[in-house]
Amino acid sequence: MNFEVQLGRTIFPNPVLAASGTFGFGLDFPRVANAIGGIVTKAITVEPRAGNPPPRIYEFPGGIINSVGLENPGLKRFRAEILPRLARLKSRLIVNIAGFSIEEFGLLAESLSSERVDGFEVNVSCPNVAEGGALFGQDPKMVERVTRVVRQQTDKTVIVKLTANFIDPVETAKAALAGGADAVTLINTLFGLALQKDGTPFLGGRTGGISGPAIKHFALFCVDRVARAVAIPVIGCGGIMNGQDALDFISAGARLVQVGTASLRNPYAPLEVWCELRLLCRKNRFKNWADVIGRTGRSS
Amino acid sequence: MNFEVQLGRTIFPNPVLAASGTFGFGLDFPRVANAIGGIVTKAITVEPRAGNPPPRIYEFPGGIINSVGLENPGLKRFRAEILPRLARLKSRLIVNIAGFSIEEFGLLAESLSSERVDGFEVNVSCPNVAEGGALFGQDPKMVERVTRVVRQQTDKTVIVKLTANFIDPVETAKAALAGGADAVTLINTLFGLALQKDGTPFLGGRTGGISGPAIKHFALFCVDRVARAVAIPVIGCGGIMNGQDALDFISAGARLVQVGTASLRNPYAPLEVWCELRLLCRKNRFKNWADVIGRTGRSS
Amino acid sequence: MKQLTATVTDVQRLTKDIFSIWLNAAELAQTAKPGQFVNIRVGEGEELLLRRPVSIADVFGQKVRLIFRIVGKGTAWLSQVPKGCGLDLLGPLGRPVRIPKGRDILVCGGGVGAAPLLFLTRRLARQNRVYVVLGAKSRKEMILVREFKRLRVKGYIATNDGSLGWKGTASELAELVANELNRPIVYACGPRPMLQDIVARLPGHEIWGFAEERMGCGTGICHCCALARKDGGYIRLCRDGPVVLLNGVRL
Amino acid sequence: MKQLTATVTDVQRLTKDIFSIWLNAAELAQTAKPGQFVNIRVGEGEELLLRRPVSIADVFGQKVRLIFRIVGKGTAWLSQVPKGCGLDLLGPLGRPVRIPKGRDILVCGGGVGAAPLLFLTRRLARQNRVYVVLGAKSRKEMILVREFKRLRVKGYIATNDGSLGWKGTASELAELVANELNRPIVYACGPRPMLQDIVARLPGHEIWGFAEERMGCGTGICHCCALARKDGGYIRLCRDGPVVLLNGVRL
Ligand SMILES: Cc1cc2nc3c(=O)[nH]c(=O)nc-3n(C[C@H](O)[C@H](O)[C@H](O)COP(=O)(O)OP(=O)(O)OC[C@H]3O[C@@H](n4cnc5c(N)ncnc54)[C@H](O)[C@@H]3O)c2cc1C
Ligand SMILES: Cc1cc2nc3c(=O)[nH]c(=O)nc-3n(C[C@H](O)[C@H](O)[C@H](O)COP(=O)(O)OP(=O)(O)OC[C@H]3O[C@@H](n4cnc5c(N)ncnc54)[C@H](O)[C@@H]3O)c2cc1C
Ligand SMILES: Cc1cc2nc3c(=O)[nH]c(=O)nc-3n(C[C@H](O)[C@H](O)[C@H](O)COP(=O)(O)O)c2cc1C
Ligand SMILES: Cc1cc2nc3c(=O)[nH]c(=O)nc-3n(C[C@H](O)[C@H](O)[C@H](O)COP(=O)(O)O)c2cc1C
Ligand code: FES
Ligand code: FES
């Protein structure tokens with residue numbers, strides 16, 4: 001069976017990617033990076049960011065909450081120091097870009113449209129500083145504008161990473177489509193608050209983002225909903241720990257999947273998910289991958 | 001210490017309530033019902049509803065997904081057969097009402113404003129049939145209108161049970177306040193989809209609502225957010241399994257809490273949560289309950 | 001119904017995946033009636049949130065017997081509870097079976113479905129003529145034959161592969177036996193296809209079946225255990241069942 | 001760094017809540033250096049998602065020793081792994097301590113903090129003059145005294161209640177010892193307040209400390225283990241540490 005997926009001009013050799021922020025820049029585990037469908041880098045911002053004070057991670061049964069706070073070396077150092085080292089990876093490379101204004105998104109896409117980069121994942125889960133700090137991703141109009149600006153700056157694959165916090169992702173997926181995106185990723189972390197026994201916030205960043213198995217069924221709901229309502233390829237993400245989870249997202253309508261939190265437990269997780277997915281396909285005797293994608297929606 | 005809480009004209013003897021849909025009508029466990037702060041009934045609709053086909057419940061580590069589908073005997077039979085039997089309970093009685101049009105909400109509130117009923121929890125997580133089936137609770141304008149209609153029909157306590165699915169509860173809490181609500185409950189279940197191995201939906205109702213510990217930290221986020229932004233009392237709900245969980249919600253700004261999924265495992269759970277909460281207060285040597293409510297927000 | 005802690009006094013493996021445990025639970029033993037079940041807390045922590053329902057298979061003095069097949073995490077955990085440990089359970093739950101008098105009775109159990117029929121047959125046999133059909137895939141998977149024998153009821157055995165007794169399904173054999181009886185009341189417990197098959201084979205009979213559905217609470221407060229009535233609407237299996245007149249429901 | 005399964009060959013309880021386990025792990029034993037740690041998968045299922053970092057306390061032949069205190073679910077689980085079972089771990093992780101030559105060295109451990117210092121001291125003692133201060137609340141909570149003695153280094157012991165050795169804290173005693181030495185390099189491991197106290201008491205010294213912070217991955221890919229640098233920004237403790245020059249960070 002052929003598992004290749006094309007989004008924009010990029011052909012992913014298989015449908016399992018490493019999710020943003022949970023696989024560094026892909027340099028630490030080249031064997032994994034080269035064997036899976038591709039890697040999405042940690043978010044890159046125009047200016048370097050130190051990130052949030054510790055603790056940055058809270059664990060609860062079935063999930064974690066992180067408040068890394070977009071720590072990253074910034075556009076310049078990423079281009080000068082990290083991008084050249086990424087040349088030695090063969091894998092598809094998607095750069096996750098996070099701006100605090102529409103212009104910053106444009107600048108990031110323009111500056112990073114180098115040969116090595118296959119595409120961008122537009123991270124709209126950051127506050128729009130110019131307009132009162134509401135998150136870009138919670139305003140369909142902003143999502144469309146951001147997507148359009150990125151689209152104008154690059155002919156690389158453009159993926160918009162949507163949030164499902166307090167916004168119907170169908171609306172933002174339509175906006176991303178209108179803005180010219182090649183795909184959307186669903187979902188980014190859910191908002192979360194963890195407290196210490198004395199009632200004060202546990203995380204240094206006060207609140208954080210929930211990921212892991214606890215958000216899987218909400219993410220599946222979102223993928224199913226968007227895949228049936230919007231004519232844009234969906235990349236599924238949220239609590240994928242094994243091949244069956246990946247298959248669930250694909251059944252629900254995802255063309256590709258991303259493995260996040262699982263890589264924290266085991267940096268080989270994306271590769272293991274891909275191997276297990278392939279085994280499941282053999283066990284289930286699937287004939288045609290296209291029949292599997294979105295079968296949930298066609299079943300009812 | 002005095003744990004009484006007043007909302008509207010109702011004085012709750014303590015802050016732990018049984019959540020809607022997870023304690024029947026309170027008739028099955030009168031000892032629990034009489035000892036806790038109060039009970040919220042299963043949702044009542046104008047017409048009787050058979051509910052969704054089985055299976056109606058899916059379990060995953062840390063949570064469940066239900067698709068009961070508002071099964072209930074309808075307004076008439078509830079008034080004729082169940083309400084009279086509720087006379088033998090001493091507990092505060094909040095009736096959860098669910099309408100499919102603004103008028104239905106008004107009718108429910110009017111018809112049920114009997115002596116035995118202390119108040120209403122307005123369940124806005126149902127589709128607005130007249131206007132394309134979008135959920136009332138996802139449209140602040142609708143929340144305000146529904147609340148106002150209920151307010152006009154009754155002088156009982158009016159609580160609006162908000163959803164945080166695809167809508168910022170700060171907006172709907174403001175709407176509830178504008179409509180004349182005495183309090184809001186946060187949160188109702190999160191949207192969820194569970195699949196069988198063959199990719200078809202597991203639940204008879206196709207999708208369902210996620211509850212239990214998996215949603216606790218998202219619910220805490222919502223309570224903290226609304227409690228700091230809107231001048232309306234908040235009732236916290238979502239994954240409360242023990243006294244510490246209840247205390248977390250109160251620290252985050254809830255005046256009362258509701259115990260849902262925990263009662264499925266153990267029908268004595270609401271009472272146990274209340275006992276544990278009291279013990280924790282003693283252990284922590286709290287002097288003043290008002291200092292505890294919302295201390296998270298004041299800490300940062 | 002009470003919440004109680006019952007000590008496991010004995011654990012036995014009956015087949016590859018069927019286990020029998022005896023619990024010390026005086027009050028439960030006294031109040032439980034055939035057709036009822038207990039809802040058992042399984043696992044530690046919050047991984048398995050819901051209890052697991054298991055029918056009462058037998059009662060002896062202060063002791064209660066449970067028999068279950070391992071099908072997932074909860075039953076696997078249950079099979080590993082060591083002797084001497086306490087189980088947290090709610091019970092007795094569900095509506096007891098009404099015990100008739102002076103009738104021909106046909107009891108039919110498939111696989112682990114034989115378990116709750118043991119307790120039922122013990123009570124039925126006092127004032128009725130009881131005929132028992134037990135079925136399983138093979139001899140190795142047949143349970144409780146000796147226990148039923150001790151009840152001195154007329155017994156018939158079927159296995160799919162013929163390795164014990166008659167070769168065929170329990171419901172096929174039940175049909176043959178029923179035809180010899182005088183307006184028998186039928187009690188059946190087993191996989192859903194077996195129940196459906198019995199209903200199809202024995203039209204016009206009063207057939208009571210142990211139905212199963214995913215449960216939330218087991219105590220009647222969540223309305224998750226819906227079983228469709230033929231005349232519309234649903235019953236709550238944990239309240240109105242689990243033993244129901246199969247003629248009136250849609251399995 | 002490798003993912004490997006290491007068999008537990010020995011489990012020992014050192015104090016009420018401190019355990020020592022030996023693992024059979026030839027490659028790890030060969031490659032691990034003082035200051036490094038392993039990240040251990042704990043629990044079954046998905047309840048405990050993250051691994052738990054534990055420092056390498058000692059190495060002997062093909063064996064690796066870990067010593068840990070029970071503080072929560074993960075370490076409680078670890079203490080109950082029976083001999084003969086395999087542990088899933090990632091390692092060695094973290095930056096090895098640079099071993100100086102011909103220097104005066106002061107090693108200071110508080111509580112379970114003595115553990116990683118054992119391995120370090122073994123390597124330091126080859127080419128340096130090593131002085132070791134061990135502290136604990138009381139005699140009952142003191143660990144590894146015999147092991148350190150066998151290394152033939154000069155040892156000093158402090159307990160808060162005076163039940164063994166000098167009465168006082170490890171850092172107080174370390175200050176006294178340091179004043180007798182010639183520009184000693186200090187290596188410290190213990191609770192955060194102890195590390196802060198040592199920094200305060202020994203200004204101008206080169207002090208290396210085993211820092212701790214909540215970790216996500218332990219392998220450098222998540223940026224959760226932030227430790228603040230004095231000159232701004234954060235280091236990744238799992239990569240740039242866990243042993244760091246305390247003079248340059250904000251504890
Ligand atoms: C009233 C009642 C009485 C029962 N009595 C017995 C008994 O005496 N002996 C016995 O072996 N089993 C009995 N069962 C079935 C038993 O409850 C399930 O096998 C058990 O809950 C499975 O739990 P698990 O965690 O092992 O499996 P899970 O991981 O939860 O599920 C594994 C498989 O079991 C099935 N299953 C899960 N829950 C149920 C359920 N409530 N009903 C039917 N199938 C289910 C699922 O479809 C799934 O395929 C009874 C069920 C009910 C409703
Ligand atoms: C690099 C490194 C090496 C370590 N080496 C050792 C060692 O050799 N021996 C030893 O006993 N402990 C060591 N620790 C601490 C150990 O990792 C924690 O005690 C353990 O993760 C707690 O897990 P738990 O599930 O038992 O507790 P949890 O339930 O997770 O937490 C219980 C308590 O432990 C604290 N804790 C949890 N995780 C950490 C962490 N990563 N760092 C500090 N405190 C934490 C929490 O603040 C909490 O109060 C090390 C930590 C790090 C970062
Ligand atoms: C530690 C951590 C850091 C993350 N950083 C980013 C990021 O920089 N950009 C981004 O778009 N998503 C980020 N995410 C979100 C993940 O890419 C993913 O969308 C989310 O974790 C849900 O998937 P999971 O449940 O498989 O982890 C991060 C997640 C974690 C746990
Ligand atoms: C089986 C079930 C039925 C429910 N029915 C209702 C309902 O009728 N009306 C309502 O407002 N909420 C209903 N809920 C939502 C709960 O009241 C509660 O808001 C939610 O479950 C989150 O709390 P928990 O995590 O403590 O369960 C139901 C929840 C469950 C699990
Ligand atoms: S299982 Fe909850 S009502 Fe039957
Ligand atoms: S713990 Fe993940 S980078 Fe250090």
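Just so it is clear, the model here is predicted, and its values are computed rather than measured. All chains are named by letter (A, B, ...) in the order of the sequence lines, taking the proteins before the strands, and each is independently numbered beginning at 1.
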> Checking heavy atoms, do the side chain of Leu49(D), its backbone, both or neither come under 4.5 Å from chain A?
both

> Taking atom CD of Glu27(D) as the centre, does the number of heavy atoms from other residues, nucleotides or ligands within less than 6.0 Å exceed 12?
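Not buried by this count: 12 neighbours or fewer within 6.0 Å.
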
> Looking at Gly26(A), Pro61(A), Ala50(A), which has the largest count of heavy-atom pairs under 4.5 Å with chain D?
Pro61(A)

> Stepwise, does the side chain to side chain contact (heavy atoms under 4.5 Å, CB included) test hold for Leu112(A) with Arg79(A)?
CA-CA 7 Å; Leu112(A) 291 170; Arg79(A) 211 165 42 167; 4.2 Å; yes

> Measure the acute angle between the ring planes of Phe60(D) and Trp22(D), then classify it against the limits of 30° and 60° as parallel, tilted or perpendicular.
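If you compare the ring of Phe60(D) with that of Trp22(D), the planes turn out perpendicular.
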
> Please name the pair of heavy atoms, one in Ala43(A) and one in Leu70(A), separated by the smallest distance, quoted to 0.1 Å.
CB-CD2, 3.5 Å

> Using non-hydrogen atoms and a limit below 4.5 Å, what part of residues 226-251 of chain D faces chain A?
Ala226(D), Gly233(D), Tyr234(D), Arg239(D)

> Can you tell which part of Phe60(A) gets under 4.5 Å to a heavy atom of chain D, answering side chain, backbone, both or neither?
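Looking at Phe60(A), just its backbone touches chain D.
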
> Which residues in residues 259-276 of chain A have a heavy atom less than 4.5 Å from any heavy atom of chain D?
Thr261(A), Ser263(A), Leu264(A), Arg265(A), Asn266(A), Pro267(A), Tyr268(A), Glu272(A)

> We want to know whether Asn72(A) and Thr45(A) form a side-chain donor-acceptor pair, criterion being a heavy-atom distance below 3.5 angstrom.
yes

> What I want to find out is whether Lys216(A) reaches Asp248(A) closely enough, with some N-O distance under 4.0 Å, to be called a salt bridge.
yes

> Heavy-atom distance under 4.5 Å to chain D: side chain of Asn52(A), backbone, both or neither?
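Just the backbone, heavy atoms under 4.5 Å.
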
> With a 4.5 angstrom heavy-atom cut-off, could you sort out which part of Arg214(D) is near chain A: side chain, backbone, both or neither?
both

> I'd like to know if the side chain of Arg123(D) and the backbone of Lys33(D) have a donor-acceptor N/O pair within less than 3.5 Å.
no

> Name the region of Pro48(A), side chain, backbone, both or neither, that has any atom closer than 4.5 Å to a heavy atom of chain D.
neither

> Within the side chain of Asp17(D), is there an N or O that forms a donor-acceptor pair under 3.5 Å with the backbone of Arg69(D)?
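A pair under 3.5 Å: no.
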
> As a quick check of understanding, evaluate side chain to side chain contact (heavy atoms under 4.5 Å, CB included) for Lys137(D) and Asp161(D), giving each step before the final call.
CA-CA 7 Å; Lys137(D) 284 208 189 103; Asp161(D) 64 357; over 6 Å; no

> Select one option (side chain, backbone, both, neither) describing which atoms of Glu46(D) are under 4.5 Å from chain A's heavy atoms.
both

> Ignoring hydrogens and geometry, is there a side-chain-to-backbone donor-acceptor pair from Glu59(A) to Leu50(D) under 3.5 Å?
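Checked: pair present.
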
> Identify which part of Met215(D) has an atom lying under 4.5 Å from any heavy atom of chain A, answering side chain, backbone, both or neither.
backbone

> Pick out which of Leu186(A), Val257(A), Ile235(A) makes a side chain to side chain contact (heavy atoms under 4.5 Å, CB included) with Phe249(A).
Val257(A)

> Report the C-alpha separation of Ser20(A) and Glu121(A) in whole Å, then their side-chain angles, then the decisive distance to 0.1 Å, and conclude whether the side-chain hydrogen bond (donor to acceptor under 3.5 Å, both in side chains) test is met.
CA-CA 9 Å; Ser20(A) 175; Glu121(A) 188 174 65; 4.7 Å; no

> What's the verdict on side chain to side chain contact (heavy atoms under 4.5 Å, CB included) for Leu28(D) and Leu89(D), showing C-alpha distance, side-chain angles and the deciding distance?
CA-CA 10 Å; Leu28(D) 183 64; Leu89(D) 44 88; 4.1 Å; yes

